[in-house]
A.B. asks: 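One structure, as structure tokens, below. Some questions next.
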Amino acid sequence: MDYRSESTETLRNKCAACFRQFNRKEHLVEHMKISHHSRHEPMCGICKKHCRSFESLREHLIGPLPKQECKNIFSILGCRFCLTILDNSNSRRAHEGRCQFSGVNAGLLARLANLGIHDKLSIDTGRTRGPQVVALACKMVGGGSDGSLDLCARVCIIDEYENIIFHTYVKPTIPVTNYRYETTGIRPEYLREAMPLKQVQKRIQEFLCNGEPMWKIRPKGSRARILVGHGLDHDLDRLQLDYPATMIRDTTQYPPLMKTSKLSNSLKYLTQAYLG
């Protein structure tokens, strides 16, 4: 048997994104069909390998068994916080000093977020025209004796170009009994000086209505903004907000994206299936 030819054939059947190798071309084709590799995946700035998460990228660069070539370059040019590769060691030091993922800046960023520093909510004037379609998402912590009651603790609004318009932590109206840190990333100190729910509610409602009375909002010819999200009924309920259903586009209720006529798909499934 010609081992050189077998080795060459194996190298040919290599995924260009995650670098997995397959013995047969059919196996590579099947892998490409189900892997849904995307440019939005974390990617090694040195070898360009796609990783499924930032944790797997971290392991690739500085884990117990890293790729040695990448590790060597990363030790000189890589930011240990956000894993970005810089042009030279001076750029790396300057970048690490202001990197938003650094432990030094984490407390500052939390305080800025609490103050609603990402706050560009504004009513349109005759001379300016803001975004007409925006997306909203909330993070919930737990309240009640068993921590099962959803309390909004963080809210973010972005425009159609993924620019952050509004982002803040929200101070719940009742005590939090479960911060659900594994999924929310929220710690008690983030909520101590957070924006009160009533204030968040008022800012968002004014922005969505865009200077138009609620009773006057219509699907066509209205100044109010279209609101996009996943499970918006629940998010708006936890924010204690009312908004006309005709101005809402919810991926849990859009028939082409639903599993059945009465059952919606998860956001995890939708992002993997439609966005890769």
Side-chain angles (χ1 to χ4, degrees), residues 100 105-123 130-131 133-159 162-217 223-253 264 266-268:
Q100 62 174 327
N105 293 330
L108 173 61
L109 286 174
R111 290 195 294 275
L112 293 177
N114 289 342
L115 295 171
I117 198 67
H118 289 297
D119 188 349
K120 299 177 184 175
L121 301 186
S122 60
I123 308 301
V133 181
V134 297
L136 177 146
C138 298
K139 284 285 186 185
M140 307 292 174
V141 292
S145 58
D146 60 354
S148 61
L149 178 64
D150 284 344
L151 306 172
C152 179
R154 188 176 186 179
V155 61
C156 184
I157 299 177
I158 64 171
D159 65 17
E162 300 181 20
N163 298 310
I164 295 176
I165 301 171
F166 182 71
H167 165 249
T168 185
Y169 290 102
V170 183
K171 194 167 190 175
T173 53
I174 65 174
V176 178
T177 53
N178 184 357
Y179 285 88
R180 305 174 184 174
Y181 176 75
E182 295 76 14
T183 55
T184 66
I186 295 174
R187 299 180 185 276
E189 56 266 28
Y190 294 0
L191 304 184
R192 283 184 195 134
E193 299 177 9
M195 189 180 286
L197 177 61
K198 289 289 184 184
Q199 187 179 343
V200 173
Q201 180 190 99
K202 183 181 178 184
R203 297 285 292 118
I204 293 176
Q205 185 119 41
E206 289 176 349
F207 174 73
L208 293 178
C209 293
N210 198 22
E212 197 161 45
M214 188 78 74
W215 60 268
K216 196 177 178 182
I217 293 175
R223 290 176 55 192
R225 305 176 207 270
I226 293 172
L227 182 62
V228 179
H230 186 84
L232 279 172
D233 282 350
H234 183 250
D235 286 349
L236 293 176
D237 178 64
R238 296 296 88 194
L239 285 167
Q240 299 174 23
L241 272 174
D242 290 321
Y243 201 58
T246 53
M247 303 300 289
I248 290 175
R249 307 290 183 267
D250 194 327
T251 51
T252 63
Q253 299 174 13
S264 62
S266 68
L267 184 60
K268 181 178 179 180

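In this chain, residues are counted from 1 in sequence order.
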A.B. asks: Quick one: closest heavy-atom pair of L197 and T173, and the distance?
C.D. replies: CD2-CG2, 3.9 Å
A.B. asks: Grab the two heavy atoms, one from G142 and one from V176, that are nearest each other, plus how far apart they are.
C.D. replies: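 Heavy atoms only, the tightest pair is O-CG1, 3.4 Å.
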A.B. asks: One pair to check against side-chain contact (heavy atoms from CB on, under 4.5 Å): D242 and L236. What are the steps and the verdict?
C.D. replies: CA-CA 7 Å; D242 290 321; L236 293 176; over 6 Å; no
A.B. asks: Is there side-chain contact between I123 and R223, with heavy atoms separated by less than 4.5 Å?
C.D. replies: yes
A.B. asks: Kindly indicate whether the side chain of Q253, heavy atoms from C-beta on, has any atom under 4.5 Å from the side chain of D233.
C.D. replies: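 Answer yes - side chains close enough.
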A.B. asks: Check each of K216, M214, R225, M247 against C209 using the side-chain contact (heavy atoms from CB on, under 4.5 Å) test, and report the only one that passes.
C.D. replies: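 With C209 as partner, side-chain contact (heavy atoms from CB on, under 4.5 Å) holds for just one option, M214.
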A.B. asks: Pick one: which of L227, D159, I226 meets side-chain contact (heavy atoms from CB on, under 4.5 Å) with V133?
C.D. replies: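 The single option meeting the side-chain contact (heavy atoms from CB on, under 4.5 Å) with V133 is I226.
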A.B. asks: Mind checking what makes salt bridge (Lys or Arg N to Asp or Glu O under 4.0 Å) contact with R154, not counting sequence neighbours?
C.D. replies: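 For R154 there are no salt bridge (Lys or Arg N to Asp or Glu O under 4.0 Å) partners, ignoring immediate neighbours.
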A.B. asks: Under 3.5 Å, side chain of T177 to main-chain N/O of G144, donor-acceptor pair present?
C.D. replies: yes
A.B. asks: Taking the side chain as C-beta and beyond, is there a heavy-atom pair between T168 and D119 under 4.5 Å?
C.D. replies: no
A.B. asks: Any luck finding a side-chain donor-acceptor pair between R187 and Y179 under 3.5 Å?
C.D. replies: no
A.B. asks: Does I157 form a side-chain contact (heavy atoms from CB on, under 4.5 Å) with L208? I'd like the steps, not just the answer.
C.D. replies: CA-CA 11 Å; I157 299 177; L208 293 178; 5.5 Å; no
A.B. asks: Determine yes or no for a side-chain-to-main-chain donor-acceptor pair under 3.5 angstrom, with Q240 supplying the side chain and Q201 the backbone.
C.D. replies: no
A.B. asks: Nearest heavy-atom pair of L191 and A153: which atoms, and what distance?
C.D. replies: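 Answer, listing the atom of L191 first, then A153: CD2-O, 3.6 Å.
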A.B. asks: For M140, is there any backbone N or O sitting under 3.5 Å from a side-chain donor or acceptor partner on D150?
C.D. replies: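 No, because the side chain of D150 does not come within donor-acceptor range (under 3.5 Å) of the backbone of M140.
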A.B. asks: Do you know which two heavy atoms are closest between S122 and N210, and how far apart they sit?
C.D. replies: O-OD1, 4.3 Å
A.B. asks: Taking the side chain as every heavy atom from C-beta outward, state whether F166 and V134 have any pair of such atoms under 4.5 Å apart.
C.D. replies: no
A.B. asks: I'd like to know if the side chain of K171 and the backbone of R192 have a donor-acceptor N/O pair within less than 3.5 Å.
C.D. replies: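 Yes, the answer is positive, given that a donor and an acceptor are paired below the 3.5 Å cut-off.
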A.B. asks: If we only count heavy atoms from C-beta on, is the V155 to R238 side-chain gap below 4.5 Å?
C.D. replies: no
A.B. asks: Are any side-chain N or O atoms of Q205 and backbone N or O atoms of L241, one a donor and one an acceptor, separated by less than 3.5 Å?
C.D. replies: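 A pair under 3.5 Å: no.
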A.B. asks: Roughly how far apart are L136 CG and Y243 OH, rounded to 0.5 Å?
C.D. replies: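 Output value for this atom pair is 11.0 Å.
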A.B. asks: Provide the closest heavy-atom pair for K139 versus T184 in the form atom of the first, atom of the second, distance.
C.D. replies: CD-CA, 4.3 Å
A.B. asks: Taking the side chain as everything from C-beta on, heavy atoms only, tell me whether D235 gets closer than 4.5 Å to C152.
C.D. replies: no
